[in-house]
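What follows is a set of notes on a single structure, which appears directly below.
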Amino acid sequence: RPGLALCAGCGGRIQDPFLLRVSPDLEWHVACLKCAECGQPLDETCTCFLRDGKAYCKRDYSRLFGIKCAQCRAAFSSSDLVMRARDHVYHLECFRCAACGRQLLPGDQFCLRERDLLCRADHGLPPDGAAARGPRSP
């Protein structure tokens with residue numbers, strides 16, 4: 001319905017023969033739909049992400065609002081394999097003991113102190129099976 005819609009970008013009336021609709025209720029002049037961070041034009045050839053009424057390109061949306069690695073603070077790509085510890089998420093390469101640097105693998109026992117991962121040896125836990133043989137600590 002050209003002429004009736006208001007542009008979410010500039011607030012002006014859209015009288016152009018074409019408009020871009022992002023989500024069911026936001027319409028834009030073709031020239032106004034740009035990434036709020038980098039200014040890249042967002043059209044039918046580029047994925048558009050919305051947050052708080054602002055449009056972002058995929059790269060900036062991921063950088064600003066995506067989940068980041070608890071160790072290196074870099075964003076994840078959709079192809080990254082991750083490790084989780086409580087509510088923290090890590091790249092596989094970043095899932096390492098903070099004391100000795102050994103990479104922790106699935107099945108390894110570790111301790112999480114704030115953001116620091118500690119392997120079994122650096123946390124001071126007894127070797128596997130030793131706890132069953134020795135006296136129990138409180």
Side-chain angles (χ1 to χ4, degrees):
R1 302 179 331 254
L4 300 176
L6 294 180
C7 177
C10 71
R13 183 174 287 195
I14 300 176
Q15 297 178 337
D16 305 353
F18 300 101
L19 59 85
L20 295 175
R21 182 171 285 139
V22 181
S23 82
D25 57 343
L26 295 177
E27 296 169 325
W28 304 70
H29 290 109
V30 172
C32 289
L33 186 57
K34 296 178 181 176
C35 176
E37 188 71 12
C38 72
Q40 174 186 349
L42 303 171
D43 56 21
E44 66 278 356
T45 63
C46 183
T47 303
C48 177
F49 294 85
L50 287 180
R51 176 112 177 206
D52 301 326
K54 294 180 182 178
Y56 297 91
C57 66
K58 183 177 183 177
R59 185 188 73 239
D60 285 329
Y61 186 87
S62 295
R63 181 178 58 80
L64 294 169
F65 307 112
I67 297 172
K68 295 178 177 56
C69 176
Q71 180 62 35
C72 72
R73 306 300 302 153
F76 295 99
S77 74
S78 59
S79 62
D80 285 340
L81 297 175
V82 300
M83 296 291 281
R84 294 179 185 272
R86 292 194 193 121
D87 58 345
H88 301 291
V89 184
Y90 300 83
H91 293 105
L92 288 181
E93 274 299 310
C94 295
F95 200 69
R96 298 180 170 276
C97 175
C100 69
R102 184 175 70 84
Q103 186 172 11
L104 299 168
L105 303 172
D108 286 349
Q109 291 184 350
F110 63 90
C111 172
L112 180 63
R113 286 193 189 149
E114 296 179 24
R115 288 191 190 270
D116 288 339
L117 296 166
L118 297 172
C119 67
R120 181 180 190 91
D122 288 317
H123 180 255
L125 293 173
D128 285 334
R133 292 188 304 270
R136 297 180 69 177
S137 63

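Because only heavy atoms are used, hydrogens play no part in the values below, and waters and symmetry mates are left out as well, while side chains stay in.
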How about [X] and [Y]: do any of their side-chain heavy atoms sit closer than 4.5 Å?
{"X": "L64", "Y": "Y56", "result": "yes"}
{"X": "C94", "Y": "M83", "result": "no"}
{"X": "H88", "Y": "L112", "result": "yes"}
{"X": "E27", "Y": "I14", "result": "yes"}

Closer than 3.5 angstrom, by distance alone: can the side chain of [X] be matched with the main-chain N or O of [Y] as a donor-acceptor pair?
{"X": "R13", "Y": "L6", "result": "no"}
{"X": "D122", "Y": "C119", "result": "no"}
{"X": "Q103", "Y": "L92", "result": "yes"}
{"X": "D60", "Y": "C57", "result": "no"}

With rounding to the nearest 0.5 angstrom, report the [atom1] to [atom2] distance, [X] to [Y].
{"X": "C38", "Y": "R63", "atom1": "SG", "atom2": "CZ", "value": "8.5 Å"}
{"X": "F49", "Y": "Y61", "atom1": "CZ", "atom2": "OH", "value": "7.5 Å"}
{"X": "H123", "Y": "C111", "atom1": "NE2", "atom2": "SG", "value": "3.0 Å"}

Kindly check if the number of other-residue, nucleotide or ligand heavy atoms within 6.0 Å of [atom1] ([X]) is above 12?
{"X": "I67", "atom1": "CD1", "result": "no"}
{"X": "R73", "atom1": "CZ", "result": "yes"}
{"X": "K34", "atom1": "NZ", "result": "no"}

- Across all chains, not counting sequence neighbours, the ring-ring contact (aromatic ring centres under 6.0 Å, His included) partners of F95 are Y90, F110
- Note on the structure: Residues passing the ring-ring contact (aromatic ring centres under 6.0 Å, His included) test with F76, sequence neighbours excluded, are H91
- So, are D116 and R113 salt-bridged, with charged N and O less than 4.0 Å apart? no
- Message: If hydrophobic clusters are built by linking Ile, Leu, Val, Met, Phe, Trp and Tyr wherever their side-chain heavy atoms come under 4.5 Å apart, do L117 and L81 end up in the same one?
- Response: yes
- Query: Any chain of hydrophobic side-chain contacts (each under 4.5 Å) joining L33 to L50?
  - Reply: yes
- Step by step, would you call E37 with K54 a salt bridge (charged side-chain N to carboxylate O under 4.0 Å, His left out)? CA-CA 9 Å; E37 188 71 12; K54 294 180 182 178; over 6 Å; no
